[in-house]
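Data block below; observations after.
Below, each value reflects all heavy atoms present in this structure, side chains not excepted, and no hydrogens, waters or symmetry copies.
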Amino acid sequence: MDLELRHLKTIRAVADAGSLTRAATALGLAQPALSAQLKRIERALGGALFERGREGVRATALGDLVLERARVVLPAVCELQEEAVRFARSGAEGYRLGGTHGPLLGGLVDRIARDDPGAPVSTYISWSEREIAGGVADGRLDFALVGVCGESGPPEAGRLAWAEVARDPVYVMLAADHPLASRVEIDLAELAAEAWTDVPGDGCFGDCFAAACVRAGFTPACVYETDTASCVHLVQVGRAVGLCRATFPVTPGLVTRPLAGAPLMWRHLLGWHPEGRAASLAATVLGHTRAAHAEALVTSAGRVHTRAAPPA
């Protein structure tokens, strides 16, 4: 058995309490369990650490040696943990970016690299907005680039500062040869007979989509919730139509179109910890993110189609 920090904490607790009964109470253990654990620790260290008597326990010479070391190691480890948390929250130089799927994160990385060459940039991707926001709140990330449906609030609203990057109508993805692909916009009700595909998320978008369909007079018969690549494939082969952001890039074999009346909206948000090092960079990063959004919108599949469409 390898000696672990929890074993040193157990030894210290027994010494401080002066008896196995009191130590077990302090540690939240049953006395037999503590006794068995102590015996395993003693076997690992090669000898008895305590002498047991009617009045309690007293450290042996080996026990004194181990306790002397434990009283140095345990505070040092505690200090290390506290320092690591402070370092993670304040951040080393550079940018630790977290985001959900979409083209904005890549555009943000590109702009930071151009504006601050040499500064390290790292990225973390997750389908979970809550996970990304939690990473910023806990000091593991500097910025969260996520989206929320309509006027829904962002995750970790009480711990993070949030700024709106932009808001866009939600688009629909269709196979390039879909009968409605030539339309400039599509009424949601016209897609009532379709199977749907979308990426997962832990916000309310699924509920908002279902409500929009009800308002349009139907309930989706089938929704495939999967990763972005699989969504694209299902649309390209005509197995489903998909929901996407207005910034979705040009992709062979499919087109994107706005839904008439914009029944669903998507807000792009940037979040940071107000007491972290990133707070001083927030205005700059927000500007870069808005520029990335503007560029992604101009080059998106839906906008390219709109520019190419003849005037009404």
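With a 4.5 Å cut-off on side-chain heavy atoms, Ile11 and Phe50 count as touching. Between Val146 and Pro154, the closest side-chain pair of non-hydrogen atoms is not below 4.5 Å. Using a 4.5 Å heavy-atom cutoff, the side chains of Val172 and Leu180 are not in contact. Side chains of Phe209 and Asp198 form no contact here, defined as non-hydrogen atoms less than 4.5 Å apart. Side-chain contact between Val14 and Leu49 is absent, with no heavy atoms from C-beta onward closer than 4.5 Å. Side-chain atoms of Val73 and Leu5, non-hydrogen and from C-beta on, do get closer than 4.5 Å to each other. For the pair Thr247/Trp266, no side-chain contact is recorded, criterion being any heavy-atom separation below 4.5 Å from C-beta on. Under the 4.5 Å side-chain criterion, counting only non-hydrogen atoms from C-beta, Val250 is not in contact with Thr299.
The two residues Trp272 and Ala279 have their closest heavy-atom pair at CD1-CA, 3.9 Å. Across Thr256 and Leu254, no two heavy atoms sit closer than the pair CG2-CD1, 4.2 Å. Counting all heavy atoms, side chain and backbone alike, Cys231 lies closest to Val199 at SG-N, 3.9 Å. Here the closest non-hydrogen pair linking Trp162 and Glu156 is NE1-O, 3.9 Å. Residues Ala161 and Pro274 come closest through the heavy atom pair N-CD, 3.9 Å. Nearest heavy-atom pair across Pro169 and Ala262 is CB-CB, 4.0 Å.
Applying the side-chain hydrogen bond (donor to acceptor under 3.5 Å, both in side chains) rule to pairs touching residues 44-60 yields Glu42-Arg52, Glu51-Arg58, sequence neighbours excluded. A salt bridge (charged side-chain N to carboxylate O under 4.0 Å, His left out) check over residues 98-122, counting only residues at least two apart or in different chains, returns the pairs Asp110-Arg114, Arg111-Glu295.
Between atom NE2 of residue His268 and atom CZ of residue Arg245 there is a gap of 6.0 Å, rounded to the nearest 0.5 Å. Distance check: Ser152 OG to Arg267 CZ gives 7.5 Å after rounding to the nearest 0.5 Å. In this structure, the separation between OH on Tyr171 and CD on Glu185 is 9.5 Å, given to the nearest 0.5 Å. We find the CD1-CG distance between Ile125 and Leu105 to be 4.5 Å, quoted to the nearest 0.5 Å. For the atom pair OG1 of Thr123 and CG of Leu108, the computed distance is 10.0 Å after rounding to the nearest 0.5 Å. Distance CG/Leu270 to CG/Leu104: 10.5 Å, rounded to 0.5 Å.
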Chi angles and distances behind the side-chain contact (heavy atoms from CB on, under 4.5 Å) call for Phe218, Cys213: CA-CA 6 Å; Phe218 71 97; Cys213 292; 3.5 Å; yes

Leu174 vs Ile186, test: side-chain contact (heavy atoms from CB on, under 4.5 Å). Steps then yes/no. CA-CA 11 Å; Leu174 308 167; Ile186 299 170; 3.2 Å; yes

Worked check of side-chain contact (heavy atoms from CB on, under 4.5 Å) between Glu129 and Val148: CA-CA 8 Å; Glu129 293 88 356; Val148 296; 5.7 Å; no

May I have the step-by-step check of side-chain contact (heavy atoms from CB on, under 4.5 Å) for Leu160 and His273, ending in yes or no? CA-CA 5 Å; Leu160 302 183; His273 198 291; 4.2 Å; yes

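Under a 3.5 Å cut-off, the side chain of Arg22 and the backbone N or O of Ala17 do form a donor-acceptor pair. A side-chain donor-acceptor contact under 3.5 Å links Asp187 to the backbone of Ala189. Panel note: side chain Arg96, backbone Gly139; a donor-acceptor pair is recorded below 3.5 Å. Judged purely by atom type and a 3.5 angstrom limit, His178 has no side-chain atom pairing as donor or acceptor with the backbone of Ala175. For Gln236 (side chain) and Pro252 (main-chain N/O), a donor-acceptor pair under 3.5 Å exists by modelled atom type. Distance alone, capped at 3.5 Å, places no donor-acceptor pair between the Trp127 side chain and the Asp227 backbone. At least one donor-acceptor pair under 3.5 Å links the side chain of Arg257 to the backbone N or O of Ala181. In this structure, the side chain of Thr197 engages the main chain of Tyr224 through a donor-acceptor pair within 3.5 Å.
In the hydrophobic clustering of ILVMFWY residues, with side-chain heavy atoms under 4.5 Å counting as a link, Val121 and Val165 come out together. Hydrophobic cluster membership differs between Met265 and Leu191, with clusters built from Ile, Leu, Val, Met, Phe, Trp and Tyr side chains linked at under 4.5 angstrom. Put simply, Leu243 and Val214 are part of two different groups of oily side chains (I, L, V, M, F, W, Y) that touch within less than 4.5 Å, one to the next.
With sequence neighbours excluded, the residues satisfying side-chain contact (heavy atoms from CB on, under 4.5 Å) with Arg239 are Leu234, Val237.
Taking the charged nitrogens against the carboxylate oxygens, Glu151 and Arg167 do have a contact shorter than 4.0 Å, which makes a salt bridge. Look at Asp138 and Arg159 and you find a salt bridge, because one of the NZ, NE, NH1 or NH2 atoms lies within 4.0 Å of a carboxylate O, short of that distance.
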